[in-house]
Amino acid sequence: MPDSELALAHHFVDLDQQHDAATLGMWVFLVTEIMFFGGLFAGYALYRSIYPAAFGHGSRLCDVTLGAINTVVLISSSLTMALAVRAAQLGLRARLIAFLAATLLLGSLFLGIKFLEYSHKFHEHLVPGAGFGYSGPNSRQVQLFLCFYFGMTGLHALHMVIGVGVLLVLMVLAWRGHITPLRSNSVEVAGLYWHFVDIVWIFLFPLLYLVDLHK
Amino acid sequence: MTRHIVSPKVYLLVFAVLIALTAATTQVARFDFGPLNVVAALTIAAIKATLVVLFFMHLIHSSHRTKVVLAAGVLWLIILISLLLSDVLTRGWLPAPKAW
Amino acid sequence: MVSSLPLFPERASTIGADVDHLYFFLLAVSAVFAALIFASVFYLAIRYRRRPANLRAEQVPGSLTLELTWSLVPLGLMMVMFFWGADLYFRLARPPDGAAEIYVVAKQWMWKLQHPEGPREINELHVPIGRPIRLIMASEDVIHSFYVPAFRTKQDVVPGRYTSVWFQATKAGRYRLFCSQYCGASHAQMTGWVHVMQPADYENWLSGGATGESMPAAGERLFQRLGCGTCHRPDGTGRGPSLEGVLGKPVLLQGGAKVLADEAYVRESVFNPDARIVAGYQAVMPTFQGQITEEGLLQIIAYLKSLQRGAQP
Amino acid sequence: MSTTLLEPGQEAGRNYLNADYSIRSWLLTTDHKRIAILYLVSITFLFVVGGASAGLMRLNLMTPQGALTSAETYNKLFTMHGLIMIFFFLIPSIPAVLGNFLVPMMIGARDVAFPRLNLLSWYLFIAGSLLAMVSALTGGVDTGWTFYTPYSTTYSNSYVVMMAVGVFIAGFSSILTGMNFIVTIHTMRAPGLTWFRLPLFLWSLYATSAIFILGTPVLAISILLLGLERIFGVGIFDPKLGGDPLLFQHLFWFYSHPAVYVMILPGMGVISEVIPCFARKRIFGYNFVAFSSVAIALIGFLVWGHHMFVSGQSVYAGMVFSFLSFLVAVPSAIKVFNWTATLYKGAITYHTPMLYAFGFLGLFTIGGLTGLFLATLAVDVHVHDTYFVIAHFHYIMVGGAMMAYLGAIHFWWPKISGRLYPDAWARLSAVVIFLGFNLTFFPQFILGYLGMPRRYHAYPPEFQVLHVMSTAGSSILGVGYLIPLVYLLWSLRYGRAAGPNPWGAKGLEWQTPSPPPTENFERTPVVTEEAYAYTGEEASVDA
Ligand code: HEA
Ligand code: HEA
Ligand code: CUA
Ligand SMILES: [Cu+2]
């Protein structure tokens with residue numbers, strides 16, 4: 001069967017329509033993601049506006065260096081992802097696999113560093129709940145801040161894990177030669193998702209790590 | 001089919017700017033501008049996000065429709081946050097009565 | 001049987017009549033428009049039913065004039081509703097100066113009320129006619145809502161903060177008090193009575209029932225017991241500012257901001273003292289969360305207010 | 001009687017129903033029509049469950065002491081009732097059943113854009129409703145459908161987490177449906193089918209989908225946070241940490257107010273199809289009706305705070321929200337007037353769907369107008385959380401949306417099943433439902449203004465007469481709902497074959513056989529005329 005026939009699902013008229021539907025679908029999905037994280041951002045905005053001091057204190061508990069490194073790692077992974085999409089559209093299979101692998105690696109690195117941060121917090125008894133051990137000023141509202149810290153970065157990390165899973169699948173598909181210029185929608189759409197997750201982090205970094213850096 | 005293939009140079013340039021802005025936001029945060037701290041942090045983040053959206057996510061080459069979809073998402077987030085804050089920030093406005 | 005079919009609630013507060021008038025206005029507008037629509041639908045459906053003399057519909061073009069009319073006329077009426085309602089709402093939200101205060105603590109599933117003069121009540125509230133009363137309300141657990149239909153007023157009682165509601169009763173009698181925010185198993189039992197009395201009767205009741213100490217006195221005892229007085233000395237020589245006369249005045253904070261010292265501010269100062277620091281002082285005040293009950297804090301507030309008036313209890 | 005009709009038992013050609021009879025072919029189908037049927041069966045069951053709990057509630061409220069059930073049971077009943085009716089019945093009703101069936105047919109496509117996601121959305125729905133049922137059977141939830149914190153996070157001793165997960169999952173099913181509709185309507189319209197030739201039903205579903213996309217995720221995250229807080233005992237709503245109980249309310253209503261428009265917009269779309277068909281008229285003011293759907297969806301997002309006028313929300317925010325609530329009523333008014341005007345100079349027949357449409361017009365008007373009472377600040381202070389609110393939303397949701405849903409089922413049943421139902425029975429049940437409905441819910445307006453609070457399992461004796469009236473009405477209403485269940489099932493076997501277009505209606509879905517073939521159309525249709533291009537001479541089965 002020619003590639004164009006393999007690529008077209010039965011209910012679409014042509015490939016253009018199919019591509020259109022796939023990308024529009026992904027963008028619409030990303031809008032739902034914006035609103036999903038949006039609930040957390042809204043809560044964050046509320047509490048930061050009424051407890052500015054406590055959010056400053058809380059922010060000082062975050063490791064800026066690790067956060068900054070992770071930002072760079074994630075932005076780099078976005079670059080490799082963009083290059084992977086390009087390779088897929090041009091049909092450069094070897095490059096596609098290489099860039100996907102690079103993205104996967106960077107994504108895992110990000111998760112590793114995140115895990116390190118979490119375990120630090122855990123050892124320092126900075127996890128909200130019964131064993132919470134922070135005794136500085138505003139300790140309850142600092143706990144509130146840390147709820148946001150864990151909630152937002154945790155949800156973000158969950159998205160990363162899903163993204164890593166998607167990358168694995170794509171690598172297998174690419175390996176088997178199922179990704180061709182006409183059948184590259186999946187890579188393109190996964191790229192959109194990956195970049196979105198990157199954007200979320202771009203906002204989380206200053207909002208969680210940098211609040212009180214000047215003090 | 002109108003799929004735009006972007007040169008890797010563009011991607012690398014955008015990447016460089018993003019890294020520079022990351023450095024910038026960390027540096028800016030070392031100074032205290034009072035209430036402008038958040039504004040500065042969010043502005044830089046917004047610029048970075050815009051770059052990612054425009055170039056990595058090819059919004060710049062996408063249809064009008066895609067742009068509207070994304071704009072709706074952003075606008076709705078702003079609605080959520082601003083109407084929420086319209087409650088929280090104005091709660092203290094009503095002066096308490098003189099009773100004592 | 002008919003006598004037990006009530007159609008309209010009793011009314012016993014100054015604001016009640018205003019709310020009812022607005023309600024009648026809304027009823028009238030609604031009746032007119034509902035009638036208009038029902039009548040048109042009935043008339044058109046019958047007049048243009050398909051029958052041998054009317055087998056064929058006649059297409060009519062749209063009309064911008066009509067569209068504008070039926071958007072703008074309702075809009076205009078709705079603006080009347082909005083401004084009228086908002087004006088009243090604002091009045092409901094702003095107690096008049098000099099209102100008498102009664103303190104309310106809600107918990108699953110009862111209302112605890114205390115008059116500054118001392119009497120405490122449970123699920124019953126005695127108030128005089130003709131005097132604005134302001135309730136300052138706190139909850140020990142979940143959200144409740146203080147609702148007296150005859151007063152046409154209602155306010156949620158929210159844990160972690162104070163809310164308040166005011167009314168001025170106009171008619172002696174006994175009126176139902178409901179908890180109108182769902183609060184758990186016995187939500188429907190969290191009801192009581194408001195007894196509206198002639199001022200003289202009320203005074204009698206106050207002095208007759210007042211066996212307990214007054215709220216400011218209780219507050220003062222608490223103030224001493226918790227050691228507030230060690231830092232907050234009347235002359236301001238302690239580690240904290242003097243609290244005499246602080247309520248109702250603007251306080252200058254560290255960083256230059258100003259805040260009006262109201263009940264909520266005292267609450268925050270006691271439970272979360274680091275949130276806002278008074279200019280010229282250190283953040284050394286410990287939090288008293290978990291050490292003071294909602295009622296106790298209200299007593300301290302009553303005490304601080306009494307310092308205000310200069311009248312030592 | 002037109003001669004194109006088949007006799008009972010006579011098979012039409014190959015169609016989506018007889019394409020394959022195996023269970024597997026149903027459970028793994030990606031055909032939007034079959035998925036619609038799957039939804040139809042599931043939500044009908046859930047409606048009966050929700051209705052039965054309403055029945056028990058009404059029985060309990062016959063006496064002031066609430067003698068039938070304990071307080072705990074009553075609280076679980078109205079929570080179940082509200083949650084099931086809203087999340088598992090009314091929200092999916094028109095969109096997931098008729099929307100799934102009709103969207104591709106109305107635009108001349110073979111399926112929705114993402115058929116597998118569509119099936120997934122049904123499975124999510126089933127998973128969510130199973131969790132809800134399990135949590136109900138194993139002990140129940142007593143938070144009210146609104147899940148207000150801190151009661152739901154800390155104080156309730158019931159299966160809140162399981163129910164929350166159920167609602168969370170069901171939310172994703174709506175998101176998938178919404179995504180599918182938006183993408184399908186954007187990318188898969190038949191040649192010639194421009195936006196302003198779309199049936200108004202699709203405009204309303206498009207607006208509905210926009211709400212699904214923009215609103216549901218916020219509900220999802222707030223429910224998720226609520227569940228986490230309940231599991232871990234610490235979280236962002238906790239007043240002990242300085243958390244603001246109003247935050248949850250804001251997030252909840254940010255979704256749940258727009259969600260009420262999710263429930264009414266599709267119904268409005270149905271009315272916009274039914275009235276032109278049985279009046280044989282083009283709809284009056286097509287553009288206004290179309291844009292008012294969009295306007296409702298958009299402005300509907302700006303008014304959520306009107307549920308919080310006495311919650312301790314800032315007075316100023318209250319005023320903003322009240323003002324905006326009035327604005328959002330204007331597009332609804334526009335629709336009502338345009339529908340009425342459509343009757344003018346028509347050739348009107350009183351088929352069952354049309355009777356439901358009349359019922360909708362009347363009851364939605366009353367429900368909507370009483371919504372204005374609630375949007376009026378000072379009046380809402382008095383009637384908030386009383387039976388006035390209960391009456392308001394049942395007028396809109398049962399009187400409006402439910403009438404529209406039944407109207408839609410009766411309108412498209414011949415298309416879905418290929419059969420006609422007995423019209424006399426259908427009209428009778430429409431009348432019974434209308435009467436029973438008003439007897440049930442009109443007294444509740446009076447109760448509400450008298451001050452009867454909602455969610456009370458027992459109440460002061462002076463309210464009894466009105467409550468008894470309401471209970472009496474609800475039993476009539478229950479019977480009214482049973483009749484269609486019976487004759488629609490009956491018609492599946494014994495109904496006369498319907499033929500492609502029994503009503504003489506316009507629209508692409510009527511140009512294909514009933515029931516439609518799996519691929520909907522033999523060849524992609526080309527659209528050359530406006531929607532509702534009725535001339536007045538279309539033939540239909542006799543009324
Ligand atoms: C399908 C569902 C649906 C719909 C469409 C609506 C529509 C509206 N609703 Fe309703 N509402 C609910 C379902 C719905 N509501 C539910 C479920 C609750 C309670 C939730 C809970 O607490 O459990 C609720 C509660 C609720 C409240 C909170 C009450 C309280 O708790 O105190 C308010 C307050 O403003 C409100 C207002 C409105 C308004 C202004 C409209 C408007 O959109 C109505 C617009 C329609 C019209 C106005 C009628 C048609 C117009 C004319 C006939 C023209 C003539 C008009 C004029 C002259 C003005 N609703
Ligand atoms: C789509 C939404 C929807 C629908 C269709 C209904 C339908 C009905 N509702 Fe409901 N209702 C809500 C949504 C809905 N409701 C919501 C959201 C709440 C708020 C919950 C909360 O506070 O959290 C509520 C609350 C609510 C209350 C207030 C409870 C309280 O606050 O204490 C009452 C009281 O009368 C009530 C009654 C009814 C009745 C009689 C029906 C009838 O129309 C139902 C009729 C249907 C049937 C009866 C089923 C079909 C018949 C049979 C299967 C035969 C068998 C019947 C019996 C065993 C009786 N509802
Ligand atoms: Cu307290 Cu309801
Ligand atoms: Cu609403």
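Chain naming here is simple, since letters A, B, ... match the order of the sequence lines and numbering starts at 1 in each.
Residue Q289(C) touches chain D through its side chain alone, counting heavy-atom pairs closer than 4.5 Å. Contacts between Q189(C) and chain D at a heavy-atom distance below 4.5 Å involve the side chain alone, from C-beta outward. Heavy atoms of T365(D) lying under 4.5 Å from chain C belong exclusively to its side chain. Residue contact with chain C, scored on non-hydrogen atoms closer than 4.5 Å, involves the side chain of F358(D) exclusively. Residue contact with chain D, scored on non-hydrogen atoms closer than 4.5 Å, involves the side chain of L66(C) exclusively. With a 4.5 Å cut-off on non-hydrogen atoms, F78(D) touches chain C through its side chain but not through its backbone. Both the backbone and the side chain of V41(C) come within contact range of chain D, each with at least one heavy atom under 4.5 Å from a heavy atom of that chain. Contacts between L246(D) and chain C at a heavy-atom distance below 4.5 Å involve the side chain alone, from C-beta outward. Of the two parts of V336(D), only the side chain, counted from C-beta on, holds a non-hydrogen atom closer than 4.5 Å to a non-hydrogen atom of chain C. Only the side chain of Y147(C) comes within less than 4.5 Å of a heavy atom in chain D; its backbone stays farther off. Contacts between F38(C) and chain D at a heavy-atom distance below 4.5 Å involve the side chain alone, from C-beta outward. For a residue to count as touching a neighbouring chain, one of its non-hydrogen atoms must lie under 4.5 Å from one of that chain's; by this rule D20(C) touches chain D with backbone and side chain alike. When heavy atoms are compared at a cutoff of 4.5 Å, T143(D) approaches chain C solely by way of its backbone atoms N, CA, C and O. With a 4.5 angstrom heavy-atom cutoff, R91(C) does not touch chain D via any of its atoms.
Listed for the R280(D) side chain is no donor-acceptor partner under 3.5 Å among the backbone atoms of R50(C). The closest donor-acceptor contact from the side chain of Q59(C) to the backbone of Y534(D) lies under 3.5 Å. With hydrogens and angles ignored, the 3.5 Å screen pairs a side-chain donor or acceptor of Y182(C) with a backbone N or O of D142(D).
Rounding to the nearest 0.5 Å gives a distance of 7.5 Å between CE of M452(D) and CZ of F178(C). A distance of 9.5 Å separates CG in L75(C) from CD1 in I334(D), rounded to the nearest 0.5 Å. To the nearest 0.5 Å, the span separating CG on D156(C) from NE2 on H384(D) amounts to 5.5 Å. We find the CD1-CG distance between I46(C) and L343(D) to be 11.5 Å, quoted to the nearest 0.5 Å. The line from NE2 of H382(D) to CZ of F151(C) is 12.5 Å long, rounded to the nearest 0.5 Å. T376(D) contributes atom OG1, which lies 6.0 Å from atom CG of L22(C) (distance to the nearest 0.5 angstrom).
Contact count versus chain D (heavy atoms, under 4.5 Å) is highest, among C179(C), P74(C), G62(C), A45(C), for A45(C). Interface remark: of the candidates S164(C), G16(C), S71(C), S71(C) forms the most heavy-atom pairs closer than 4.5 Å to chain D.
Residue K345(D) is tested with R47(C), E58(C), R56(C) for a side-chain contact (heavy atoms from CB on, under 4.5 Å); the sole match is E58(C).
Side chains of D380(D) and Y89(C): no donor on one and acceptor on the other come within 3.5 Å.
Looking only at side-chain heavy atoms (C-beta outward), N338(D) and E67(C) come within less than 4.5 Å of each other. Between Y151(D) and Q108(C) the shortest side-chain heavy-atom distance falls below 4.5 Å.
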